[in-house]
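Okay, so here's the structure we're looking at.
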Amino acid sequence: MHSDEPRWTPPAPRPTEPVELRRIVRLFRPYRGRLLVVGLLVAAASLVGVASPFLLREILDVAIPEQRTGLLTLLALGMIATAVLTSVFGVLQTLISTTVGQRVMHDLRTGVYARLQQMPLAFFTRTRTGEVQSRIANDIGSMQATVTSTATSLVSNSTSVVATVVAMLALDWRLTLVSLALLPLFVWISRRVGRERKRITGERQRQMASMAAMVTESLSVSGILLGRTMGRADSLTADFSGESERLAGLEIRSSMAGRWRMATIGIIMAAIPAVLYWAAGLMLQVGGPALSIGTLVAFVTLQQGLLRPAVSLLNTGVDIQASLALFQRIFEYLDLRVDITERTDPVRLEKVRGEVRFENVTFSYEPGGPPALSGIDLTVPAGSSLAVVGATGSGKSTLSYLVPRLYDVTGGRVTLDGVDVRDLGFDSLAAAVGVVSQETYLFHASVADNLRFAKPGADDEEIIAAARTAQIHDHIQSLPEGYDTLVGERGYRFSGGEKQRLAIARTILRDPPVLILDEATSALDTRTEQAVQRAVDELSAGRTTLTIAHRLSTVRDADQIVVLDGGQIAERGTHSALLALDGRYAALIRRDAVSGPDAGSEPRGDRLWKPADVPS
C-alpha cells in the first residue's frame, strides 16, 4: 500500500456485548418447515420409546405369571417394533437436522465473505489475513456440532425427559420425587461449567486466529524468502512452537473444563437405581403400598432411560453457552459498518465517453481528521490523459482511488460523464474504470484463468489478442504449458515485468473507457520498463487515462500534468509549460535526473525527457 492512502481503522469489536439468543434463532428461520418435521419425528420417537417400559411391565406382571403365550408374543414383538421405529425416526431426524445445520453454516460463511467483500480497502490494510481466514474457517467450523445437532438435541432430549417424567409419575409419584430431587443441583452445576467453557472458547479461538495469521504470513512465498534470507527459519519455528503450545494448553483446558463436575452428575444419576430399590424396600417395611416387580423394573428402566437425555440436555446447555463466544466473533464481522454502498436506484451508463471531473474534492483519513486532499478541482476530458506527480504522501494514489470508489470523498464529488460516481451502480462503475497498479496480484491458477478473471466469458482468441497487445503473448507461448501454465502463488513464476504485462492484458480484456495507472512501472528495471511502457501505451490509446507517476520520464506527453503538494494542487499544465515555470515540477525533474536509475548512464532510447530540458 502507498503511504498516502487513508489509514482507516475498522470499527472496534465489542467483546463484552452479549449475543442475543433471538438472533441465533433467526438463523434457522428460513428452515422452519424442515425443523417442524424434525420436531414431529422427535416427538414420535420419544413417545414410542416411552412405551417400551410399559410393555415390559405387562410381560413381567401379566404375560409370564399367567402363562399367556399369545400376549407374551405380542408384547415382545411390540418391544422390537418400538426399537425399530425409534431407530428409523432417529436416522431421519439426524439427516434433516444435519442438512439444516449445514445450510445455516453455509449462510454464515457466505454472509461473512459477502460482508468482507463490501469492506473498504483500508480495512484489509489494518487486519491480518490469517485473522480473516480464521473467522471464516475456524470459528464457523467450530460451530458445526452446535449448529447441526443442538436444535435437534434440545427438542429430542426435552421431549424424552418430559415424556419419561410423565410416565414415571404414572407409575409411582413417590419414586419420581426421589429420582428428581437432585435436578436443581445438576442444572446449577451445568450453568457454571457452561460459563467457564464460554470464556475458554473465546481465548482458544483468538489463539487459533493468531496462529493462522502467523502461518499465512510466514509460509507464503514472500514469508519463506524473507525468513531464509534473514536466517530466521529456526526462530520462526520456535515462535510457531510457542503459539502451538499455548493452543494445546487451551484445548486441554477446554476439554477438561467442568469434566469432574459433569462426571459427578453422571455417577449420581447412575447410582439412583440403587436408591430406588432401597426406597421401594423401605416403603414396604413401613407399611406403604407394595409395588409389583413389573412396576419397579419398569420404573427403573424409565429412570435409566431418563439418564441419557437428561445428561445430554445438560451438556447441550453447556455447549450452547460455549458456542456463544463463537457466534459473538462471527457477528462482530457481520456487524461491521459498510461505508461504501450502492444506492437503491443506481445509475447505469449505457455508453461511457470517459470524462472525469473532480469538483472541489476533499478527503480525510478519519472523520474530523486532517485532510489528505483538499479543494481538488480537475477536469479530464474524454480520451485525454492526466498525469499526477508529487512527493511521497502528497495524495497521488488517494486521488486515483476516488474514481473507482475504493474510497468515497468526504467533500465535493467525483463524476464520470457528469454522474456522481456514488450514484453509479457498482457493476457499471467497474466496467467503466480499470486500474493497473504497481502491486500486481495474480491468483494461483493458470495464465488463462488469471486473464479470464477480467472477462469470464472471453474465448481463447480474445485472450491471445489481449496478451499480444500487452507484449506478453510470445513469452507465454514459450512456456511448456502455454496459457495453461500455473502462475504460482502471487505469480512468483513470473518476473515483475511479466506480471505487470499480464495485469495489463487482463485490463485490456475488460476494455474499460477510463484507465488508472498507479505507478505501474516504478518498481521495474530499465529494460523491463521499456517493454511494459510499450504495453501501457497500447492500453492507453483512445482512453481517458489517469497516470500516477513516480518516474517522471513517463509523463512528458500527458495532455495535462498536475503536481500535488500536501493534498492540494500546487501546479498544473503541460510538460513544457511547467518546465518553463521552473517550480515544483522542474525541481522534481531535476531530482529524478540525479537520483533516477539511469543517472550517469547513456540516454535511454525511450527517455521522454533529457537533462537539457531541465532549467538550470
Side-chain angles (χ1 to χ4, degrees), residues 5-32 100-148 150-151 194-195 197-213 216 319-344 346 364-369 405-408 410 422 425-426:
E5 290 180 12
R7 298 172 179 82
W8 180 88
T9 303
R14 295 165 290 180
T16 59
E17 184 172 319
V19 176
E20 292 187 3
L21 287 176
R22 287 178 298 178
R23 185 173 184 182
I24 298 175
V25 171
R26 283 200 297 270
L27 298 173
F28 294 86
R29 186 175 296 169
Y31 311 103
R32 53 185 175 270
V100 170
Q102 289 298 328
R103 297 308 303 172
V104 170
M105 291 184 64
H106 164 74
D107 294 342
L108 284 172
R109 282 192 296 263
T110 304
V112 171
Y113 186 85
R115 178 51 59 96
L116 291 172
Q117 285 285 349
Q118 297 174 315
M119 296 308 296
L121 184 64
F123 169 83
F124 299 95
T125 70
R126 308 290 292 182
T127 307
R128 300 173 78 183
T129 303
E131 167 71 21
V132 174
Q133 293 174 346
S134 181
R135 297 271 178 142
I136 296 176
N138 294 334
D139 291 357
I140 296 179
S142 298
M143 291 161 50
Q144 176 166 331
T146 302
V147 172
T148 56
T150 295
R195 285 193 293 268
R197 287 192 183 174
K198 177 183 177 182
R199 179 178 54 79
I200 295 175
T201 297
E203 294 180 24
R204 182 186 64 186
Q205 295 306 119
R206 286 189 290 273
Q207 183 62 32
M208 290 178 69
S210 176
M211 193 168 72
T216 302
D319 293 339
I320 289 176
Q321 285 187 276
S323 68
L324 292 180
L326 301 174
F327 279 108
Q328 185 168 303
R329 285 172 59 84
I330 296 303
F331 290 155
E332 282 174 5
Y333 267 25
L334 289 175
D335 293 339
L336 286 171
R337 186 181 69 251
V338 178
D339 296 324
I340 299 177
T341 59
E342 185 180 68
R343 49 182 275 185
T344 55
S364 296
Y365 295 167
E366 298 174 357
R405 286 195 74 193
L406 298 179
Y407 304 102
D408 269 346
T410 52
R422 292 170 293 185
F426 285 149

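If you read the sequence from its start, that first residue is 1, and numbering goes on from there.
Summarising the geometry, atom CG belonging to Leu108 is positioned 12.0 Å from atom CZ belonging to Arg103; distances are rounded to the nearest 0.5 Å. Here CZ of Arg337 is found 13.5 Å from CD of Gln118. Values are rounded to the nearest 0.5 Å.
For the pair Ile330/Phe327, no side-chain contact is recorded, criterion being any heavy-atom separation below 4.5 Å from C-beta on. Side chains of Arg405 and Arg422 form a contact here, defined as non-hydrogen atoms less than 4.5 Å apart. In this structure, the side chains of Val112 and Leu334 come closer than 4.5 Å at one or more pairs of heavy atoms. Under the 4.5 Å side-chain criterion, counting only non-hydrogen atoms from C-beta, Leu406 is not in contact with Ile340.
Side-chain atoms of Arg32 come within 3.5 Å of backbone atoms of Arg29 as a donor-acceptor pair (strictly under, hydrogens ignored).
Closest approach of Phe426 and Thr341 over heavy atoms only: CZ-C, 3.5 Å. Heavy atoms only, all atoms of each residue included: Arg115 and Leu336 are closest at NH1-O, 2.7 Å. Scanning both residues, Arg26 and Pro30, for their nearest heavy atoms gives O-CD, 3.8 Å.
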### Query
Does the pair Glu332 and Gln328 meet the rule for a side chain to side chain contact (heavy atoms under 4.5 Å, CB included), with working shown?
CA-CA 6 Å; Glu332 282 174 5; Gln328 185 168 303; 4.2 Å; yes

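Open room surrounds OH on Tyr113; 12 or fewer heavy atoms of other groups in view lie less than 6.0 Å from it.
A cation-pi arrangement is found for Arg23 relative to Phe331, the charged atom lying closer than 6.0 Å to the ring centre and inside a 45° cone about the ring normal.
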